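Right, one structure below, let's go through it.
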Amino acid sequence: MRNLRLDLCYDGTRYRGWQRLPGKEDTIQGKLETVLSRILGEPIEITGSGRTDAGVHARGQVANFHCENPMAAETILAELRRYLPEDIGIYSCRDVSERFHARLNAREKTYCYRIWNSQKPCVFERRYVAVMPEPLDIPAMMQAAALLEGQHDFSAFCANAKMKKSTVRFLRTAEIRASGEEIQLYFTANGFLQSMVRILVGTLIEVGRGTRSPESVAQLFGGKRADAGFLAPAKGLCLEEVFY
């Protein structure tokens with residue numbers, strides 16, 4: 001049994017997220033499994049480094065799958081590029097150790113959230129940015145972001161109210177960059193809870209709007225979902241890189 005690794009990217013606009021859904025073909029995992037099963041002539045199940053929500057994009061997703069077919073990895077790559085839709089791109093396909101697991105072996109991930117902070121139209125990037133025309137206090141957002149860094153219980157930033165596993169994560173960096181009309185928020189952590197980045201962003205935006213103080217975010221650790229900010233729109237979020 002072979003183990004192959006895929007490095008890929010996708011525009012999540014028209015998909016219901018990464019995870020396959022019964023009877024639905026509009027998921028990234030489902031689309032990949034359908035095409036790979038046809039190429040290799042056997043049922044394929046693929047494992048991603050993580051599950052992105054509906055409408056979320058990825059520049060640096062990683063996945064792996066097992067198969068019996070001896071087809072060369074280069075040929076599998078060529079066939080994937082031939083049959084996958086243009087909004088799913090495969091950077092590479094290669095044989096890896098049997099022990100490699102895209103999710104369990106991941107050490108860290110980096111996400112980027114893009115905000116178009118202007119009343120000017122953003123026609124050409126509209127699928128990849130959240131438009132928020134009201135002025136945001138970026139220094140205050142930076143102050144709040146710094147308080148989020150470190151190892152904390154991020155239960156208030158988890159969309160899964162029935163989460164039974166630990167909600168403690170180590171957020172190594174929470175960085176905010178401003179360039180012209182665009183604000184970019186980068187988060188690197190050893191793992192993320194369901195919708196965690198989008199809730200972090202919503203909380204920081206509330207700080208930027210002045211409806212929440214920067215200092216108050218430190219009081220959210222170990223709290224309830226209702227205590228934190230709103231769920232920022234999915235289209236502004238992109239999985240940038242997975243580290244192993």
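These numbers were taken from a predicted model, which means no experiment stands behind them. Numbers here are sequence positions counted from 1.
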Interatomic distance, [X] atom [atom1] to [Y] atom [atom2] [nearest 0.5 angstrom]:
| X | Y | atom1 | atom2 | value |
| --- | --- | --- | --- | --- |
| T211 | E206 | OG1 | CD | 4.5 Å |
| R99 | L104 | CZ | CG | 11.5 Å |
| R212 | T203 | CZ | OG1 | 5.0 Å |
| S49 | R107 | OG | CZ | 13.0 Å |
| F187 | T173 | CZ | OG1 | 9.0 Å |

For R38, side chain to side chain contact (heavy atoms under 4.5 Å, CB included) partners two or more places apart: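 For R38, the residues satisfying side chain to side chain contact (heavy atoms under 4.5 Å, CB included) (neighbours in sequence not counted) are T34.
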Test side-chain hydrogen bond (donor to acceptor under 3.5 Å, both in side chains) applied to [X] - qualifying residues, sequence neighbours left out:
| X | value |
| --- | --- |
| E68 | none |
| R169 | none |
| R59 | E240 |
| Q194 | none |

Members other than Y186 in its cluster, when Ile, Leu, Val, Met, Phe, Trp, Tyr link by side-chain heavy atoms under 4.5 Å?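 Y186 clusters with nothing; isolated.
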Give the other cluster members for L4, using side-chain heavy-atom distances under 4.5 Å between Ile, Leu, Val, Met, Phe, Trp and Tyr residues; answer none if it is isolated.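 Its cluster mates, by chain and number, are L6, L8, Y10, Y15, W18, I28, L32, V35, L36, I39, L40, I44, I46, F65, M71, I76, L77, L80, Y83, L84, I88, I90.
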Between L147 and I176, is there a shared hydrophobic cluster once you connect ILVMFWY residues whose side-chain heavy atoms come closer than 4.5 Å?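 Yes, L147 connects to I176 through the hydrophobic network.
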Could you pull out every donor-acceptor pair under 3.5 Å between side chains of residues 213-223 and any protein atom, sequence neighbours left out?
{"unit_1": "S213", "atom_1": "OG", "unit_2": "S216", "atom_2": "N", "d": "3.3"}
{"unit_1": "E215", "atom_1": "OE2", "unit_2": "Q143", "atom_2": "NE2", "d": "3.2"}
{"unit_1": "S216", "atom_1": "OG", "unit_2": "S213", "atom_2": "O", "d": "2.6"}

Please check if atom [atom1] in [X] has more than 12 non-hydrogen atoms from other residues, nucleotides or ligands closer than 6.0 Å.
| X | atom1 | answer |
| --- | --- | --- |
| E86 | CD | no |
| R81 | CZ | yes |
| R51 | CZ | no |

Could you list the donor-acceptor pairs under 3.5 angstrom formed by side chains in residues 224-239, with sequence neighbours left out?
{"unit_1": "R225", "atom_1": "NH1", "unit_2": "G229", "atom_2": "O", "d": "2.8"}
{"unit_1": "R225", "atom_1": "NH2", "unit_2": "G229", "atom_2": "O", "d": "3.0"}
{"unit_1": "D227", "atom_1": "OD2", "unit_2": "K224", "atom_2": "N", "d": "2.9"}
{"unit_1": "K235", "atom_1": "NZ", "unit_2": "R126", "atom_2": "O", "d": "3.1"}

Quick check: do L193 and I199 have side-chain heavy atoms less than 4.5 Å from each other?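 When only atoms from C-beta onward are counted, I199 and L193 do not touch, as no gap falls below 4.5 Å.
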Which residues share a ring pair (Phe, Tyr, Trp, His ring centres under 6.0 Å) with F170, sequence neighbours left out: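 F170: no ring pair (Phe, Tyr, Trp, His ring centres under 6.0 Å) contacts found.
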Mind checking ring pair (Phe, Tyr, Trp, His ring centres under 6.0 Å) for Y91 and listing every partner two or more places apart, or none if nothing turns up?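 Result, ring pair (Phe, Tyr, Trp, His ring centres under 6.0 Å) vs Y91: none returned.
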Does anything in residues 145-157 pair up under side chain to side chain donor-acceptor pair (under 3.5 Å), and if so which pairs, sequence neighbours excluded?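 The answer is D153-S155, D153-T167.
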If you take all heavy atoms of R2 and A72, which pair is closest and at what distance?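 Taking every non-hydrogen atom into account, NH2-C, 4.4 Å.
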